[in-house]
Chemist: 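Provided herewith is a single structure, encoded as structure tokens, for subsequent inquiry.
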Amino acid sequence: METLLLRDDQVKKLLSMSQVIEAVELAFDQKGKGRVQMPAKIYLYFNKYNGDLRTMPSYLEEMDVSAVKIVNVHPDNPYKHKLPTVMAVITLIDPSTGFPLAIMGGTTVTDMRTGAAGGIAAKFLARKDSKIVGLVGAGAQARTQLMALLEVYKKLEEVRVWSRHSETRNIFLAEAEREYDHLCKFVPEESVRKTVEGADIVVTTTPSREPLVMNDMIRPGMHINCIGADAIGKEELDPFVLHRAKIVIDDWEQASHCGEINVPLLLREKIITKDDVFGEIGEIVAGLKPGRASKDEVTVFTSTGLAVQDAATARIAYDKALQERIGSFIRIV
């Protein structure tokens, strides 16, 4: 038997956001129903390089899909090394034998499935009449968050964009206007406050270790997708935003360790506790808990990224690659 090799640029051609949203929503459903095996991420911290490495194994039992991802996060990469902040490799496994069916670049899978998770969270937690989106951060994750929101919300009118680096924001805007200008208006913003105030959906995708979105910026009915906080000490929201909101996470063990709630949970003032977390997105997708309950409710989804999202997405790429005869094969076993 031979193992399929797929470069990340090949994976990119094989994945569409609509298919990834469908696969990730099913993965959330299966996790909500307890039909997956997924240990929490294992971390290595490269502190002197401002980076880390994670390993993420999973098995979706009913779908019979298993994979392991190795992924880094090095925020300084784009500016110091001309490399992406996030890079990944995924091995897709045959559960019946343990044979490595495929080894593929996982950066696009990571970006796409994270975007899909944000789109799914907005579908269940944001108001159906949402028109204005505020993007706090304008890197690779912001691109797929926007892609997914435009897939879920067909009548968005305005997307505001802020980045700590104006060059990053301007590159993002040029690409977004080229791709989506016929769908909505894009507005560059000079401050987080102008980006957030009055928005219906806010998406944070920064590696910040101090709050950027403050409580007085939040209006009733707003939904916030927190994507950037994915390691100990990272936070993008004022803890008092979480205190007033319905908090939905993707996985308790991961979220409490490294998600948006990790810092507020440790604060001496106990601004939030475990009891303040409403539930997991999988429970809502599976119909075990309700999503948005009222038009004035403030909702927050804190995403740490689940291995089951990677496995489900990698399977799409593998199946389509075989069908379209993309990639090459090697004998490694």
Side-chain angles (χ1 to χ4, degrees), residues 115 117-138 141-142 145-146 148-164 169 172-173 176 183-206 208 210-229 234-249 255 259-261 263-264 267 269 271-272 276-279 281 284 289-303:
I120 293 161
K123 172 183 172 180
F124 285 90
L125 296 171
R127 296 198 324 271
K128 302 301 181 188
D129 62 350
S130 295
K131 295 287 192 296
I132 300 173
V133 172
L135 299 180
V136 179
Q141 295 294 334
Q145 291 295 316
L146 174 61
L149 287 174
L150 289 171
E151 191 72 37
V152 174
Y153 285 86
K154 303 297 186 182
K155 295 183 179 180
L156 291 181
E157 294 177 357
E158 180 178 295
V159 176
R160 306 167 183 170
V161 184
W162 174 87
S163 174
R164 202 181 300 271
R169 181 198 63 197
F172 177 93
L173 284 167
L183 297 177
C184 60
K185 178 174 70 172
F186 291 91
V187 180
E189 297 290 2
E190 297 296 331
S191 71
V192 173
R193 181 171 293 277
K194 288 184 177 180
T195 306
V196 172
E197 286 185 340
D200 301 306
I201 299 172
V202 172
V203 183
T204 60
T205 59
T206 76
S208 182
E210 58 184 27
L212 297 172
V213 177
M214 307 310 293
N215 190 34
D216 65 348
M217 301 177 188
I218 307 303
R219 71 173 184 178
M222 187 180 288
H223 170 68
I224 308 167
N225 280 337
C226 299
I227 309 300
K234 289 185 179 181
E235 60 173 337
E236 300 178 286
L237 301 189
D238 177 350
F240 286 99
V241 175
L242 295 170
H243 179 70
R244 69 187 279 197
K246 173 186 279 186
I247 304 170
V248 176
I249 60 177
E260 183 62 42
I261 64 173
V263 175
L267 290 176
E269 297 87 344
I271 295 173
I272 65 167
D276 294 309
V277 176
F278 177 75
I281 188 67
I284 293 173
K289 290 186 176 181
R292 172 167 287 273
S294 72
K295 66 181 180 65
D296 291 330
E297 186 175 43
V298 174
T299 55
V300 170
F301 171 59
T302 171
S303 170

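Computed from a prediction, not measured in an experiment: that's the story for all the values here.
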Chemist: What distance do Leu212 atom CG and Trp162 atom CH2 have between them, rounded to the nearest 0.5 Å?
Modeler: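 Separation between the atoms: 5.5 Å.
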Chemist: Is a side-chain donor-acceptor pair under 3.5 Å present for Gln141 with Thr205?
Modeler: no
Chemist: Do Leu146 and Phe172 have side chains that approach each other closer than 4.5 Å (heavy atoms only, starting at C-beta)?
Modeler: yes
Chemist: Quick check for you: to the nearest 0.5 Å, what is the distance between Thr299 atom OG1 and Asn225 atom CG?
Modeler: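 The distance works out to 8.0 Å.
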Chemist: Could you please spell out the steps behind the side-chain contact (heavy atoms from CB on, under 4.5 Å) verdict for Ile218 and Val213?
Modeler: CA-CA 8 Å; Ile218 307 303; Val213 177; 3.6 Å; yes
Chemist: What I'd like to find out is whether the side chain of Phe301 reaches to under 4.5 Å of the side chain of Ile284, using heavy atoms alone.
Modeler: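 No, every pair of side-chain atoms sits at 4.5 Å or beyond.
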Chemist: Give a yes or no on whether the backbone of Asn215 and the side-chain of Asp238 come within a donor-acceptor separation of less than 3.5 Å.
Modeler: yes
Chemist: Taking all heavy atoms of Ile261 and all of Ala255, pick out the closest pair and write down the distance.
Modeler: CG1-O, 3.3 Å
Chemist: Would Val196 and Met222 count as a side-chain contact (heavy atoms from CB on, under 4.5 Å) here? Give the steps.
Modeler: CA-CA 10 Å; Val196 172; Met222 187 180 288; 4.2 Å; yes
Chemist: How long is the gap from CD on Glu235 to CD on Glu260, to the nearest 0.5 Å?
Modeler: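 The CD atom of Glu235 sits 6.5 Å away from the CD atom of Glu260.
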Chemist: Is any NZ, NE, NH1 or NH2 atom of the basic residue among Glu151 and Lys123 found under 4.0 Å from an Asp or Glu carboxylate oxygen of the other?
Modeler: no
Chemist: Check whether any side-chain N or O of Arg169 sits under 3.5 Å from a backbone N or O of Glu189 as a donor-acceptor pair, and report yes or no.
Modeler: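 A pair under 3.5 Å: yes.
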Chemist: Step by step, would you call Leu237 with Leu242 a side-chain contact (heavy atoms from CB on, under 4.5 Å)?
Modeler: CA-CA 8 Å; Leu237 301 189; Leu242 295 170; 4.1 Å; yes
Chemist: Heavy-atom distance under 4.5 Å between the side chains of Val300 and Cys226, does that happen here?
Modeler: yes
Chemist: Take Arg193 and Asp216 through the test side-chain contact (heavy atoms from CB on, under 4.5 Å) and record every step on the way to the result.
Modeler: CA-CA 9 Å; Arg193 181 171 293 277; Asp216 65 348; 3.2 Å; yes
Chemist: Taking NZ in Lys194 as the centre, count heavy atoms belonging to other residues, nucleotides or ligands within less than 6.0 Å. Is the count above 12?
Modeler: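 It does not: Lys194 NZ has 12 such atoms or fewer within range.
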Chemist: Are side-chain heavy atoms of Leu135 and Val159 found at a separation under 4.5 Å?
Modeler: yes
Chemist: Considering all heavy atoms of both residues, which atom of Ala126 and which atom of Ser130 are nearest to each other, and what is their separation?
Modeler: CB-OG, 4.1 Å
Chemist: Measuring from atom CG of Leu173 to atom CZ of Arg160, what distance do you get when rounded to the nearest 0.5 angstrom?
Modeler: 13.5 Å
Chemist: Hey, does the side chain of Gln145 reach the backbone of Val203 with a donor-acceptor pair shorter than 3.5 angstrom?
Modeler: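 No, Gln145 side chain to Val203 backbone: no donor-acceptor pair under 3.5 Å.
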Chemist: Nearest 0.5 angstrom please: Asp200 CG to Asp129 CG, how far?
Modeler: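 Asp200 atom CG to Asp129 atom CG measures 6.5 Å (nearest 0.5 Å).
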Chemist: Can you find a pair of side-chain heavy atoms, one from Ile281 and one from Ser303, that are under 4.5 Å apart?
Modeler: no
Chemist: Got Val248 and Phe124 here, is their nearest side-chain heavy-atom distance under 4.5 Å?
Modeler: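 No, too far: nothing below the 4.5 Å cut-off.
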Chemist: How about Val202 and Val136: do any of their side-chain heavy atoms sit closer than 4.5 Å?
Modeler: yes
Chemist: Mind listing the closest non-hydrogen atom pair of Ala148 and Gly115 along with its distance?
Modeler: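 Looks like CB-O, 3.0 Å.
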Chemist: Using a cut-off of 6.0 Å, state whether more than 12 heavy atoms not belonging to Lys131 lie near its atom NZ.
Modeler: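 More than 12 within 6.0 Å, yes.
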Chemist: State, to 0.1 Å, how close Pro220 and Arg127 come at their nearest heavy-atom pair, and which atoms those are.
Modeler: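 That closest heavy-atom pairing would be O-NH1, 4.4 Å.
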Chemist: Taking the side chain from Thr302 and the backbone from Gly259, do they hold a donor-acceptor pair closer than 3.5 Å?
Modeler: no
Chemist: Quick check: does any side chain N or O of Lys246 sit under 3.5 Å from a backbone N or O of Gly279, one acting as donor and the other as acceptor?
Modeler: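 Absent.
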Chemist: For the backbone of Gly221 and the side chain of Arg292, can you confirm whether one donor and one acceptor N or O come within less than 3.5 Å of each other?
Modeler: yes
Chemist: To the nearest 0.5 Å, what is the distance between CD (Glu197) and CD1 (Ile132)?
Modeler: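 Going from CD on Glu197 over to CD1 on Ile132, the span is 12.0 Å.
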Chemist: Could you go through the side-chain hydrogen bond (donor to acceptor under 3.5 Å, both in side chains) check for Thr204 and Glu236 one step at a time?
Modeler: CA-CA 7 Å; Thr204 60; Glu236 300 178 286; 2.8 Å; yes
Chemist: Kindly indicate whether the side chain of Val161, heavy atoms from C-beta on, has any atom under 4.5 Å from the side chain of Pro188.
Modeler: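 Not in contact.
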Chemist: Closest heavy-atom contact between Gly134 and Ala199?
Modeler: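 In terms of heavy atoms, the two residues are closest at N-CB, 4.0 Å.
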Chemist: Is it true that, when you exclude Lys128 itself, more than 12 heavy atoms of the residues, nucleotides or ligands shown sit nearer than 6.0 Å to its NZ?
Modeler: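 Counting neighbours around NZ of Lys128, more than 12 heavy atoms of other residues, nucleotides or ligands fall under 6.0 Å, so yes.
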